2 protein chains.
Amino acid sequence: MEKEEELLKSHITKHHLKATKERSAILKAFLDSERHVSAEALYRQMKDEGSTIGLATVYRTLNLFCSSGLAEQRRFGDGQARYELTYNVDHHDHLICKECDLIIEFENDEIEALQKKVAKENNFKVSSHRLELYGVCSECLKEKST
Amino acid sequence: MEKEEELLKSHITKHHLKATKERSAILKAFLDSERHVSAEALYRQMKDEGSTIGLATVYRTLNLFCSSGLAEQRRFGDGQARYELTYNVDHHDHLICKECDLIIEFENDEIEALQKKVAKENNFKVSSHRLELYGVCSECLKEKST
DNA sequence: TCTTACTTGAGAAGTATTATCAAAATCAGT
DNA sequence: ACTGATTTTGATAATACTTCTCAAGTAAGA
């Protein structure tokens with residue numbers, strides 16, 4: 001059994017929830033999907049492969065992943081929430097291309113350290129943060145110059 | 001006439017729009033409101049003071065403020081968009097208390113510089129960015145410990 | 001196996017925001 | 001100030017995304 005599956009199972013047991021085939025199927029599809037997938041996109045992807053699982057269940061299950069620590073919800077400007085696997089993944093931030101929706105992840109320890117400093121100066125206990133840089137990626141910049 | 005009023009007027013003239021009493025009233029209320037006000041909150045605030053301006057017009061006008069460079073739209077996790085005056089205000093980021101919704105603004109040039117560096121390394125042309133730290137403010141921390 | 005409690009799919013409902021449209025208001029040119 | 005063209009307005013419908021509701025189905029534990 002994969003580690004993600006184990007984590008989900010332990011969360012399910014701990015909270016007196018139930019292991020269902022729908023949840024396994026959605027986890028499998030989620031692990032298979034591209035990072036930053038939306039509920040709608042995951043639903044379509046599964047449907048195209050013959051699944052009959054409803055959209056509401058996909059939403060419910062993605063939220064379950066978030067509460068079990070497997071995933072995190074992100075929102076980048078466009079209305080849709082996106083979900084990304086965070087288990088065993090270091091914290092990172094995002095560069096988002098407004099032309100082609102490319103999302104690049106990056107890590108920067110110096111920025112993290114400065115954030116901690118700012119929080120301390122304001123007597124804040126920070127539980128999460130997000131940093132997003134919006135702009136145009138190199139590919140789209142090339143296209144624009146032609 | 002205040003500077004903000006002038007800026008709005010020049011945007012209106014430039015784009016062949018019309019100066020209306022509704023727009024003046026909303027601008028006045030906006031300048032008077034707390035920072036990071038939502039459309040709904042601004043609408044209620046005005047209504048409570050006797051205004052009969054519709055919610056749709058408040059939304060439209062806040063968007064107008066954004067395109068004229070007076071304001072910027074922000075989204076902090078909860079579904080609502082918030083608007084903040086940006087004219088003559090330096091760029092800044094936010095600390096958000098999840099307990100009491102307190103929002104603290106801060107500026108940090110070192111972080112800004114590091115962001116530029118990251119963008120450069122990824123050949124990104126950044127047009128905007130946002131950094132938000134979510135957590136618990138000092139007041140709420142105090143309350144929790146009692 | 002039985003019972004209880006959780007989960008499911010379908011569609012209704014909710015939330016935040018934008019679109020539609022007829023009536024009213026503003027602007028530019030006289 | 002008058003007029004006509006164009007924009008703006010308020011009310012409400014529509015939209016987009018997500019959660020809720022509920023009856024029927026299913027898993028877990030005694």
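Chain naming here is simple, since letters A, B, ... match the order of the sequence lines and numbering starts at 1 in each. None of the values given here were measured: they were computed from a predicted structure.
Qualifying ring pair (Phe, Tyr, Trp, His ring centres under 6.0 Å) partners for B:Phe65, counting only residues two or more places apart in sequence or in other chains: B:Phe30. Among residues two or more places apart in sequence or in another chain, the side-chain contact (heavy atoms from CB on, under 4.5 Å) test is passed with B:Thr57 by B:Glu22, B:Ile26, B:Ile53, B:Arg60, B:Thr61.
Interface residues of residues 25-33 of chain A facing DNA chain C, ordered by number: none; criterion, heavy-atom separation under 4.0 Å.
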Without placing hydrogens or testing angles, list every side-chain donor-acceptor pair under 3.5 Å for residues 114-123 of chain B, not counting sequence neighbours.
unit_1	atom_1	unit_2	atom_2	d
B:Gln115	OE1	B:His129	ND1	3.4
B:Gln115	OE1	B:His129	NE2	3.2
B:Asn122	ND2	B:Val118	O	2.9

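Residues in residues 89-101 of chain A take part in these salt bridge (Lys or Arg N to Asp or Glu O under 4.0 Å) pairs, two or more places apart or across chains: A:Glu99-A:Lys144. For residues 46-56 of chain A, no residue pair satisfies the salt bridge (Lys or Arg N to Asp or Glu O under 4.0 Å) rule, not counting sequence neighbours. Pairs of residues two or more places apart, or lying in two chains, never qualify as ring pair (Phe, Tyr, Trp, His ring centres under 6.0 Å) while including a residue from residues 95-121 of chain A.
Regarding A:Lys14, its NZ atom lies at a distance of 18 Å from the P atom of C:dC6, rounded to whole Å. If you measure from atom CZ of A:Arg82 to atom C1' of D:dC17, you get 13 Å, rounded to the nearest angstrom. Look at CG on B:Leu64: it is 17 Å from P on C:dT17, rounded to the nearest Å. In this structure, B:Leu62 atom CG and C:dT18 atom C1' are separated by 14 Å, rounded to whole Å. The separation between A:Asn63 atom CG and D:dT18 atom P is 9 Å, rounded to whole Å.
Defined by atom type and a distance below 3.5 Å, a donor-acceptor pair is missing between the side-chain atoms of B:Glu107 and B:His92. Remark: the B:Glu4 side chain and the B:Tyr87 side chain contain no N/O donor-acceptor pair separated by less than 3.5 Å. Looking at A:Glu105 and A:His91, their side chains never bring a donor and an acceptor atom within 3.5 Å of each other. Side-chain contact, A:Glu6 with A:His11: no donor N or O sits under 3.5 Å from an acceptor N or O. Side-chain atoms of B:Gln45 and B:Tyr43 form no donor-acceptor pair, as typed in the model, at a separation below 3.5 Å.
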Please enumerate all protein N or O atoms sitting under 3.5 Å from an N or O of nucleotides 9-11 of chain C, with distances to 0.1 Å.
unit_1	atom_1	unit_2	atom_2	d
C:dG9	OP1	A:Gly54	N	3.4
C:dG9	OP2	A:Gly54	N	3.2
C:dG9	OP2	A:Thr57	OG1	2.2
C:dG9	N7	A:Arg60	NH2	2.6
C:dG9	O6	A:Arg60	NH1	3.3

For nucleotides 25-30 of chain D, which of its nitrogen or oxygen atoms have a protein nitrogen or oxygen under 3.5 Å away, and what is each distance?
unit_1	atom_1	unit_2	atom_2	d
D:dA27	N3	A:Lys18	NZ	3.0

Might you list the N or O atoms of the protein lying below 3.5 Å from N or O atoms in nucleotides 14-16 of chain C, with each pair's distance?
none

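A:Thr86 contributes a side-chain N or O that, together with a main-chain N or O of A:Leu70, makes up a donor-acceptor pair within less than 3.5 Å. Side chain of A:Thr20 to backbone of A:Arg23: a donor-acceptor contact under 3.5 angstrom is found.
Computed from C1' positions of five pairs at each end, the angle between the two local axes of the helix from C:dT1-D:dA30 to C:dT30-D:dA1 equals 40°, rounded to 10 degrees.
Of all heavy-atom pairs between A:Lys3 and A:Asn88, the closest is CD-ND2, 4.4 Å.
B:Leu141 forms part of a hydrophobic cluster together with B:Val136, judged by ILVMFWY side-chain heavy-atom separations under 4.5 Å.
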